[in-house]
Novice: 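Would you mind keeping the following structure in view while I ask a few things?
Predicted model, so just to flag it, every value in this text is computed and none were measured.
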Number of protein chains: 2
Amino acid sequence: MKPTVHDIARCAGVSLATVDRVLNARPGVRGATRERVEQAIVTLGYVRDLAAANLAKGRTYRFAFILPANDNSFMIGLRREVEAAIARSSVERTQIEIIEVPAFDGGALVLALENVLARKPDGVALVAIDAPQVRAVAERLADAGVAVVTLVSDLGASGRHHYAGIDNIAAGRTAANLMGRFLSKVDGRVGLLAGSMLVRDHRERLEGFLSVLSEDFPQVAILPVIEARDDPALAETSIREALRRHVGLNGIYSLGAGNRGLIRALREVDAARRPVVIAHELTASTRKALADGVIDAVLNQDAGHEVRSAIRVLKAKADGLPVLAAQERIRIDIFLKDNLP
Amino acid sequence: MKPTVHDIARCAGVSLATVDRVLNARPGVRGATRERVEQAIVTLGYVRDLAAANLAKGRTYRFAFILPANDNSFMIGLRREVEAAIARSSVERTQIEIIEVPAFDGGALVLALENVLARKPDGVALVAIDAPQVRAVAERLADAGVAVVTLVSDLGASGRHHYAGIDNIAAGRTAANLMGRFLSKVDGRVGLLAGSMLVRDHRERLEGFLSVLSEDFPQVAILPVIEARDDPALAETSIREALRRHVGLNGIYSLGAGNRGLIRALREVDAARRPVVIAHELTASTRKALADGVIDAVLNQDAGHEVRSAIRVLKAKADGLPVLAAQERIRIDIFLKDNLP
DNA sequence: CTGAAAGCGCTTACAG
DNA sequence: CTGAAAGCGCTTACAG
């Protein structure tokens, strides 16, 4: 049988309370006693039953999720997933608060994080903006014992305990590989549509895309990046303009969100003359565009996985437990019209 | 506060034992009493704490995993994942037994299932062979209250409670889409390497592949399927032979396992004259081949996810709980050399 | 610094 | 058919 606290107590000749103190590294145990208990723990091969511990403690994990108030389908879906997690709160012993901040606004994010710090939850998940001030508050949170997980867009590795999102450099590289192979003309010209270079995910996708294109497909020309702040209306006019100006434009990589505008502009073009288009995030509109042949491939990150993973990791960090890396890796989904879920 | 059994007992004016009987649909409660308790459960909005229940019961879930004794990396990896799950047994309250059966042998599988039935575990996961006799035993297991989950390769939807694996028709369609787009010559000739048409996953991949090729890329010719029983040596000689005979062979879709042999044969061909190759399952050898440009794309199913998902589903079924479909969907990973994990 | 006792939410013999 | 009491593995006041 699995050894329990009773076995440890008996083996070490102490009471349950003392075993518990040692187990949870609480003060008030003489060195000698502590050592006897630790010895017993090792010899018996004790491993604590977290569920029983949480039951006894009546533990609930208090987490804060800081999400950008973005109007694009991906962020709306992300928020919905957090809400779904909130709906499971009682079963999962969590207590999750959603905090909305203006998008692409480092100052607002810093402020939100400081507010969170004042309340000292068990953990915080944030869609990061990769700025020094943000990193600084994140580090203060970590120092205060709050688990910090970045979601979708990362900070530098310092300043957070875990990143729940895809490898965006690899995503950009993958997009370039597909773009290069799908482009039939060797003298392709590719346009790039981004949200903002303030967020690391967009920067990294761009970086990966450019490096593979120049390595493996040097004949493809790249037009200047259009930053449309993930705003559908802005994206629409910019792309319409680009399509008009650059007659030889035969590829578009949309590395941000706000694809509704892009798709509207694309639908105005004759099917035969449409560029190869690769976009991010499977939403109602990109799905439809994929099925219709307006978009050729969609790279996707599963918001549900990201949120569930973030919560698992926050819990593990709060309990000082290790995370199962293979399980928490967020994969880059590649959708063509033939493998839509 | 969340209502507990005590609240129900008080509200219905009965003892805890009676509440428990009603909660677990055990006999020996008068109709009127039962109704009062059920009423209390509803009005209080009670939802049971599974962890506490399992603690009190000392419950452990007994599962059997039936795996084919195949010598390919994928099956070896799958087995390793089940072993990893066994290592987590004490934490997860499981007791998992691995049963090996000869590969592609319906009779052996039926026998194994009958042995399992005699022991009546809580659930069984099997890599299915899609034969009527197998389906029949699976149904007897289900009737006996054993949860049945197919792993990697499915039975018809009847006969099992859940399938933990990818949509193989979609996988075949995806392979065809990539193949069609990657083939530069319009007069492509594509060879097909399969394991066995006895297993549903291979049949479905073939079906999906052929349908997209004929719909969207009718100019591509398809050679007869080679069945190599997922045996690397057999695959090697068959492919070497095919490459020799069909000089215009410029595409190969390997829809089964046993890719080590395929890769050996491919490496003998001049890089410039190598066909476009799409294979399944990311293993040490396909990973290397992808990096080296010998294989162009790998479709993958994550064995770790499949095993963990199968266990979650078996537990849920054993407890009569619903499963979170979105979480349990096994996705088709598409790996190019640029997004290797 | 240490321990006896009660309790977390549920289940299980056992007695009636 | 129903209930009082003990127990699952752990933690928490409280007393000493």
Novice: Is it true that a side-chain atom of Ser89(B) and a backbone atom of Ile86(B) form a donor plus acceptor pair closer than 3.5 Å?
Specialist: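 Here the side-chain-to-backbone pair exists.
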
Novice: Both atom distances under 3.5 Å, Watson-Crick or G-U wobble: I'd like the secondary structure of DNA chain C as a dot-bracket string, with | for pairs made across strands.
Specialist: |||.||||||||.|||

Novice: Please state how far atom CZ in Arg26(A) lies from atom C1' in dG3(C), giving the value in whole angstrom units.
Specialist: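 That distance rounds to 15 Å.
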
Novice: Is the phosphate of dG3(D) approached by Thr18(B) (side-chain N or O, under 4.0 Å from OP1 or OP2)?
Specialist: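 For dG3(D), OP1/OP2 do have a side-chain N/O of Thr18(B) under 4.0 Å.
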
Novice: When you measure from the centre of the six-membered ring of Tyr163(B), is the NZ or CZ of Arg160(B) under 6.0 Å away and within 45° of the axis?
Specialist: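 No, a cation-pi geometry is absent between Arg160(B) and Tyr163(B).
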
Novice: In whole angstrom, give the distance that lies between atom CZ of Arg10(A) and atom P of dA4(C).
Specialist: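 In whole Å, dA4(C) P lies 14 Å from Arg10(A) CZ.
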
Novice: Pick base, sugar-phosphate or nothing for Val14(B), based on heavy-atom distances below 4.0 Å to the nucleic acid.
Specialist: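 Contact class for Val14(B): sugar-phosphate only.
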
Novice: With heavy-atom distances below 4.5 Å as the criterion, would you say the side chains of Asp302(A) and Ile330(A) are in contact?
Specialist: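 Counting from C-beta outward, Asp302(A) and Ile330(A) never come under 4.5 Å.
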
Novice: In the structure I gave you, are the side-chain heavy atoms of Cys11(A) and Leu44(A) within less than 4.5 Å of one another anywhere?
Specialist: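 SC-SC contact between Cys11(A) and Leu44(A) confirmed.
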
Novice: Rounded to the nearest angstrom, tell me the gap between atom CG in Asp319(A) and atom P in dC10(D).
Specialist: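 Computing the Asp319(A):CG to dC10(D):P distance gives 14 Å.
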
Novice: When rounded to the nearest 0.5 angstrom, what is the spacing between CG in Leu78(B) and CD in Gln301(B)?
Specialist: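 So the CG of Leu78(B) and the CD of Gln301(B) are separated by 8.0 Å.
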
Novice: Treating Asn24(A) as the side-chain partner and Arg26(A) as the backbone partner, does any N or O pair qualify as donor plus acceptor under 3.5 Å?
Specialist: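 Side chain of Asn24(A) to backbone of Arg26(A), a donor-acceptor pair under 3.5 Å: no, none is there.
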
Novice: Does NZ or CZ of Arg48(B) come closer than 6.0 Å to the centre of the six-membered ring of Tyr46(B), within 45° of the ring's axis?
Specialist: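 Arg48(B) over Tyr46(B) ring: no.
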
Novice: Under 4.0 Å, counting only non-hydrogen atoms across every strand here, what does Asn24(A) touch: a base, just sugar-phosphate, or nothing?
Specialist: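 Sugar-phosphate contact only - Asn24(A) comes under 4.0 Å of backbone atoms but never of a base.
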
Novice: What N/O pairs connect the protein and nucleotides 14-16 of chain D at under 3.5 Å? Give each pair on its own line.
Specialist:
none

Novice: Could you check how far CG of Leu23(B) sits from C1' of dT12(C), rounded to whole Å?
Specialist: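 Value for this atom pair: 14 Å.
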
Novice: On the nucleotide dC1(D), are OP1 or OP2 found under 4.0 Å from the side-chain N or O atoms that Thr33(B) carries?
Specialist: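 Checking Thr33(B) against dC1(D): no side-chain N or O falls below 4.0 Å of OP1 or OP2.
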
Novice: Check the distance between dG3(D)'s P and Asp20(B)'s CG and give it to me in whole angstrom.
Specialist: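 Taking atom P of dG3(D) as the reference, CG of Asp20(B) is at 13 Å.
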
Novice: Name the pairs: protein N/O against N/O of nucleotides 5-9 of chain D, kept only if under 3.5 Å.
Specialist:
| unit_1 | atom_1 | unit_2 | atom_2 | d |
| --- | --- | --- | --- | --- |
| dC8(D) | O2 | Ala56(B) | N | 3.2 |
| dG9(D) | N2 | Ala52(A) | O | 3.2 |

